[in-house]
*Asks:* 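Dumping the structure here so I can ask a few things about it.
First listed ligand is number 1; within each ligand, the first listed atom is number 1. Quick caveat, the model's predicted, so the values are computed rather than measured. In what follows, residues are counted from 1 in the order of the sequence shown.
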Amino acid sequence: MVQEIISAIRSVVGIERVALHEPSFHGNEWDYVKECLDTTFVSSVGKFVDRFERNLAEYTGAAYAVAVVNGTAALHIALKLSGVQSGDEVLVPALTFVATANAVAHCGAMPHFVDSEYRTLGIDPLKLREYLEATTEQCDGFCINRVTQKVIRALVPMHTFGHPSDLDGLMAIAHDFNLVLVEDAAESLGSYYHGQHTGTFGLLGTLSFNGNKTITTGGGGAIVTNDPELAKRAKHLTTTAKLPHAWEYRHDEIAYNYRMPNINAALGCAQLEQLPAFLEAKRMLFDVYCKAFANINGVHLMSEQEGCRSNYWLQTLMLDEDLSCLRDPILQATNDNGIMTRPAWVLMNELIPYQDCPAMDLSVAKSFCCRMINIPSSPKFAV
Ligand SMILES: *Cc1c(COP(=O)(O)O)cnc(C)c1O
C-alpha cells in the first residue's frame with residue numbers, strides 16, 4: 001500500500017523533489033515590490049497597505065480589513081477586541097496549529113480544548129453543546145465554567161486545511177452560551193460557507209499570509225470585521241496607538257507594533273490578483289488526486305461538504321481506522337522519496353505548554369489525527 005500511495009502521488013506531481021506547498025510569483029509581484037524599492041517606501045508608510053486592506057475587504061465581503069505582521073498577531077488582537085482578559089478561558093479546537101492556542105495565551109487567558117468532527121475536521125457543535133450544557137452555567141450574561149469558576153469568553157472555530165467548520169451550529173452555540181465568536185480563518189482564504197466567506201461570520205475573523213498559505217505576503221495576517229468601531233480599534237492597537245498628527249508622537253494606550261510593512265502588502269496585492277486562478281488550480285488538483293487514489297483501498301481524500309466551498313489549501317489523505325498503523329511508514333517512505341508529506345499537528349493538549357489546560361473528551365480528534373496525511377498541494381501541480 002505504501003508503494004501504491006507513492007506511485008499515485010508521483011503520477012500527479014512528476015518525478016522531481018516536491019514541497020508540501022510552494023508559493024508562486026508569476027503576476028505583478030516583481031513590479032509592485034520594485035515600486036516599493038524605487039520609492040523607498042518599504043516599511044510603515046506607503047500605498048500598498050491601504051490597497052491590500054481594501055482588496056481584502058472586497059474579496060471577503062467583510063466591511064473592513066486590517067493588515068498585520070502575521071496571523072498570530074491578528075488573532076491576538078481579535079481576541080483582545082472581543083473582550084478576552086487575563087484569567088478567562090477560550091474554547092479552541094485541540095486539532096489546530098499552535099498559533100490558535102498561543103494567541104489565547106498572549107491575552108493571559110487559557111485555551112480550553114474541544115473536540116472536532118470527522119465531517120468538517122472542525123469543532124463538533126453537537127458534542128460541544130452537550131459538554132457546555134453539562135459543565136457551564138450562564139450568570140448575568142456570562143458563561144461560567146463550573147469546574148474552574150472562570151469566565152469562558154469566546155469560541156474560536158478554525159477551518160481546517162480550508163474546509164469550513166459547521167458555522168450554523170457554532171453560531172447557535174455562541175448565541176446560546178454567551179460566547180463571542182472569533183474565527184481563525186488563517187487556512188481558509190477563498191473558502192465559503194453557504195455562499196459567505198469564512199472569517200466573516202464571527203464578530204471578528206483572522207487570516208494568515210504565511211509563506212505556505214494559499215496566498216503569501218512573506219509573513220502577514222489580517223483582521224476582518226463588519227464593525228466600524230472594532231476596525232478602528234484594531235488599526236489603532238496594531239499601530240502603537242499613535243494619535244494622528246503631522247509630527248508629534250503621542251500614544252494614548254499600551255499597544256502593539258503589528259502593522260504590515262508596505263513591501264509585504266505589495267506582495268499581497270499581487271498575490272490577491274491571482275487568488276481566483278490559485279483556487280481553480282487547487283480544485284483541479286483535488287480532482288486529479290481523487291482519480292489517482294480511486295483504486296487504492298483504505299484511503300480517501302478529504303472533500304468539501306455540501307453547501308461549502310473549500311479552498312483546498314492542503315490536500316488531505318485520510319486512512320481507514322484499521323490502517324492508522326500505516327501513517328508513519330507512509331510519512332517516512334514519501335519523505336525518503338523526495339515527496340514532502342506531513343501528519344496533522346500534535347493535538348494542543350499534548351503539548352508541554354498546554355497539557356494542563358481544561359479539555360473535553362477529545363477522542364474524535366485523537367482518532368483522525370493519527371490517520372491524516374497532508375500531501376503536496378501547490379497549485380502548479382494541477383497544470
Ligand atoms: C497559519 C495559521 C495561523 C497563523 O500563523 P502565522 O504564521 O502567525 O501567520 C493561525 N492559525 C492557524 C490554524 C494557521 O494554520
Side-chain angles (χ1 to χ4, degrees), residues 19-23 52 56 65-80 82 84 90-107 111 113-114 116 120-123 154-165 167 170 181-191 198-199 201-202 204-224 234 238 256-261 264-265 267-268 271-272 282 302 310-316 342-349 351 353-354 365 369 372 374 377:
L20 191 67
H21 200 284
E22 267 177 64
F52 188 48
L56 275 176
V66 175
V68 296
V69 284
N70 57 53
T72 311
L75 200 51
H76 176 197
I77 296 303
L79 289 169
K80 267 189 103 70
S82 67
V84 173
V90 175
L91 299 169
V92 302
L95 180 73
T96 185
F97 176 56
V98 71
T100 320
N102 284 346
V104 172
H106 294 334
C107 295
F113 298 116
V114 302
S116 301
T120 64
L121 303 180
I123 297 174
L155 169 62
V156 185
M158 193 279 284
H159 307 295
T160 313
F161 308 138
H163 299 296
S165 302
L167 282 161
L170 294 170
L181 191 75
V182 177
E183 290 174 79
D184 181 350
E187 304 186 352
S188 62
L189 180 66
S191 299
T198 53
F201 289 81
L204 300 131
T206 60
L207 302 168
S208 167
F209 314 112
N210 189 33
N212 63 351
K213 295 282 173 22
T214 303
I215 68 164
T216 186
T217 58
I223 301 164
V224 291
T238 54
Y256 302 87
N257 179 16
Y258 279 176
R259 183 190 167 94
M260 176 183 282
N264 300 77
L267 206 49
Q271 287 268 287
L272 206 49
K282 292 171 84 63
M302 287 302 298
S310 174
N311 64 5
Y312 287 107
W313 171 49
L314 286 187
Q315 309 287 345
T316 307
R342 68 171 203 207
W345 312 278
V346 173
L347 295 181
M348 293 302 106
N349 61 301
L351 301 180
Y354 297 119
C369 177
M372 271 184 328
N374 291 129
S377 304

*Asks:* Under 4.5 Å between any side-chain heavy atoms of Leu272 and Phe52, yes or no?
*Replies:* yes
*Asks:* Please name the residue in the list Val68, Leu56, Thr214 that meets the side chain to side chain contact (heavy atoms under 4.5 Å, CB included) test with Phe209.
*Replies:* Leu56
*Asks:* In Å, rounded to the nearest 0.5 Å, how long is the span from CG of Asn264 to CZ of Arg259?
*Replies:* 11.5 Å
*Asks:* Return the set of residues passing side chain to side chain donor-acceptor pair (under 3.5 Å) with Thr96 (not counting sequence neighbours), or none when no residue passes.
*Replies:* Thr100
*Asks:* List for me each residue that meets side chain to side chain donor-acceptor pair (under 3.5 Å) alongside Tyr256, sequence neighbours excluded, and say none if there are none.
*Replies:* none
*Asks:* Taking only heavy atoms of the protein into account, state which residues are under 4.0 angstrom from an atom of ligand 1, in chain and number order.
*Replies:* Asn70, Gly71, Thr72, Thr96, Phe97, Ala99, Thr100, Met158, Asp184, Ala186, Glu187, Ser208, Asn210, Lys213, Gly220
*Asks:* Mind listing the side-chain donor-acceptor pairs of residues 70-78 below 3.5 Å, one per line with the distance, residues two or more places apart or on another chain?
*Replies:*
residue	atom	partner	partner atom	Å
Asn70	OD1	Thr72	N	3.1
Asn70	OD1	Ala73	N	2.7
His76	ND1	Tyr258	OH	3.0

